[in-house]
*Asks:* 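Before anything else, here's the structure in question.
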Amino acid sequence: MSDLQTQFDQAQKDVKTLAERPDNDTLLQLYALYKQGASGDVSGEKPGFFDFVGTAKYEAWAKLKGTPQDAAKQQYVDLVKKLAG
């Protein structure tokens, strides 16, 4: 397993133990970076109009389309480290 993958896996654990809950925009950024790093470009159908949270998550992930998975993983790790202080 690569060093980046190890850091990505650790960041997934660390994000659950942050002292403060990040604001909604940061949570969406974390979600999108995680999904892009773990799964690649957005897939599946966009949630329905009244699924506001699902739609926001989908759109945040879709904005990262074309970002290499390793780059998204590194950005995720960096953001979690920044939030953890």
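Bear in mind the structure is a predicted one, so any value in this text is a computation, not a measurement.
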*Asks:* Could you go through residues 71-82 and list every donor-acceptor pair under 3.5 Å that involves a side-chain atom there, pairing it with any protein atom two or more places apart or in another chain?
*Replies:*
from, atom 1, to, atom 2, distance (Å)
Lys73, NZ, Gln5, OE1, 2.5
Gln74, NE2, Asp78, OD1, 2.9

*Asks:* Might you point out which heavy atoms bring Ala60 and Leu28 nearest each other, and give the distance in Å?
*Replies:* CB-O, 4.0 Å
*Asks:* So how far is it from Glu20 CD to Thr26 OG1, rounded to the nearest 0.5 Å?
*Replies:* 11.5 Å
*Asks:* Going from CG on Asp25 to CG on Leu30, what distance comes out if it is rounded to the nearest 0.5 angstrom?
*Replies:* 11.0 Å
*Asks:* Determine, step by step, whether Leu27 and Arg21 satisfy the side chain to side chain contact (heavy atoms under 4.5 Å, CB included) criterion, reporting the C-alpha distance in whole Å, the side-chain angles of both residues, the deciding distance to 0.1 Å, and the verdict.
*Replies:* CA-CA 9 Å; Leu27 287 172; Arg21 183 180 191 272; 3.3 Å; yes
*Asks:* Work out which heavy atom in Gly44 is nearest to a heavy atom in Tyr58; give both atom names and the distance.
*Replies:* O-OH, 3.2 Å
*Asks:* Please tabulate, for the side chains in residues 33-41, all donor-acceptor contacts under 3.5 angstrom to protein atoms that are two or more places apart in sequence or on a different chain.
*Replies:*
from, atom 1, to, atom 2, distance (Å)
Gln36, OE1, Trp61, NE1, 3.2
Gln36, NE2, Asp41, OD1, 2.9
Gln36, NE2, Leu64, O, 3.4
Gln36, NE2, Thr67, O, 2.8
Asp41, OD1, Gly66, N, 2.8

*Asks:* Counting C-beta onward and ignoring hydrogens, is there a side-chain heavy-atom pair between Lys13 and Gln10 closer than 4.5 Å?
*Replies:* yes
*Asks:* Do the non-hydrogen side-chain atoms of Phe49 and Thr55 ever get within less than 4.5 Å of each other?
*Replies:* no
